[in-house]
Protein chains: 2
Amino acid sequence: MSNAKALPLLERQPAPESAVPCCPPLTERPLTAEEAERTAGMFKALGDPVRLRLFSLVASHEGGEACVCDISDVGVSQPTVSHHLKKLREAGLLTSERRGTWVYYRVEPSVVAAMGQMLKIAG
Amino acid sequence: MSNAKALPLLERQPAPESAVPCCPPLTERPLTAEEAERTAGMFKALGDPVRLRLFSLVASHEGGEACVCDISDVGVSQPTVSHHLKKLREAGLLTSERRGTWVYYRVEPSVVAAMGQMLKIAG
């Protein structure tokens, strides 16, 4: 394509603002429609076996970060890995940072902690 | 349809065996393909805004259980509510019990706790 842009050497992509963690434990009170809209995407992002594996690969990787170049054994192509990592970033579960050729991904602990918080069962 | 069956008065439907909780925190080690296949469905079940709201309605309802008859304000029809509750049961997040006309749903704490466990972030 002709509209490729020169990318800066270091380009940090934080989680989108829409992914700001929210919401009490699901046992505490019913979610509002707005809260449910805002948080369902986080769960959906982990609702695919390949994405769930990729997320665990990044989350458990040495130094807490990984790039596509670190991931080779999930049985899908590198572009597919990139696509799924992007989806996880868009859902707020990962942040990314470009360093030279590669984009490195890292878990966004606040978002993952918020998901865990929602699944807390009282008693 | 002609193959409707007479339903017993009390019919308990536990979570399917495939939904037996598993897996360490996602930060501990990469999931195997088999583990990811087994658990992605639990996250997918909560990955829809209406289902997430319905789950929180059941989870926070008085007595820890609710039937379709208790749920009227999520903006979808009763058959749609029933459909989503069935999906949540199939994913192992809810169990159901028929009492007369209505099916009552209740959170399956072990499965929800297992999901929370997977989202535990070390440190």
Side-chain angles (χ1 to χ4, degrees), chain A residues 23-61 64 66 70-71 73-76 87-88 91 93-94 106-123, chain B residues 23-61 64 66 70-71 73-76 87-88 91 93-94 106-123:
Chain A
C23 310
L26 294 172
T27 50
E28 204 170 289
R29 61 159 175 79
L31 291 185
T32 65
E34 191 269 333
E35 288 171 338
E37 282 291 343
R38 203 162 131 200
T39 48
M42 310 188 309
F43 290 101
K44 193 177 177 185
L46 296 183
D48 173 274
V50 173
R51 276 205 299 276
L52 189 57
R53 265 189 101 186
L54 288 173
F55 181 80
S56 73
L57 273 159
V58 173
S60 62
H61 201 262
D70 295 316
I71 295 166
D73 60 349
V74 291
V76 295
K87 289 267 172 199
L88 286 164
L93 275 70
L94 299 178
R106 183 174 275 282
V107 169
E108 178 52 56
S110 64
V111 175
V112 179
M115 291 174 75
Q117 174 72 17
M118 289 175 77
L119 296 174
K120 256 193 197 153
I121 301 282
Chain B
C23 310
L26 294 171
T27 50
E28 203 171 290
R29 62 159 174 77
L31 291 185
T32 65
E34 191 268 333
E35 288 170 337
E37 284 289 344
R38 204 163 128 198
T39 48
M42 308 188 310
F43 290 102
K44 192 177 177 186
L46 295 184
D48 173 273
V50 174
R51 277 205 297 277
L52 190 56
R53 266 190 99 187
L54 287 174
F55 182 80
S56 73
L57 273 160
V58 173
S60 63
H61 201 262
D70 295 316
I71 296 164
D73 59 349
V74 292
V76 295
K87 289 266 173 201
L88 287 163
L93 274 72
L94 298 178
R106 181 173 276 282
V107 168
E108 177 53 55
S110 63
V111 174
V112 179
M115 291 173 76
Q117 174 72 15
M118 289 175 78
L119 296 173
K120 255 193 196 150
I121 301 283

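Sequence lines set the chain letters: A, B, ... in the order given, protein chains first and strands last, and positions in each chain run from 1. Everything quoted here is computed from the prediction, not taken from an experiment.
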Does any part of the side chain of S60(B), heavy atoms only, come nearer than 4.5 Å to the side chain of E28(A), both counted from C-beta? no
Which one, A59(B), P25(B), P109(B), leads in non-hydrogen pairs under 4.5 Å with chain A? A59(B)
Report the option among A113(A), G64(A), A45(A), A33(A) that has the most heavy-atom pairs separated by less than 4.5 Å from atoms of chain B. A33(A)
Judged by atom type as modelled, is there a donor-acceptor pair below 3.5 Å linking the side chain of S56(A) to the main-chain atoms of L31(B)? yes
Chain A contact via V58(B) - side chain, backbone, both or neither, heavy atoms under 4.5 Å: neither
Non-hydrogen atoms of P49(B) and A36(A) that approach each other most closely: O-CB, 3.4 Å
From CZ (F43(B)) to CE (M115(A)), nearest 0.5 Å: 6.0 Å
Would you call L52(A) and L26(B) a side-chain contact if the rule is heavy atoms closer than 4.5 Å? yes
Rounded distance (nearest 0.5 Å) linking atom CG of L119(B) with atom CE of M42(A): 9.0 Å
Nearest 0.5 Å, please: how far is OG1 in T27(A) from NE2 in H61(B)? 14.0 Å
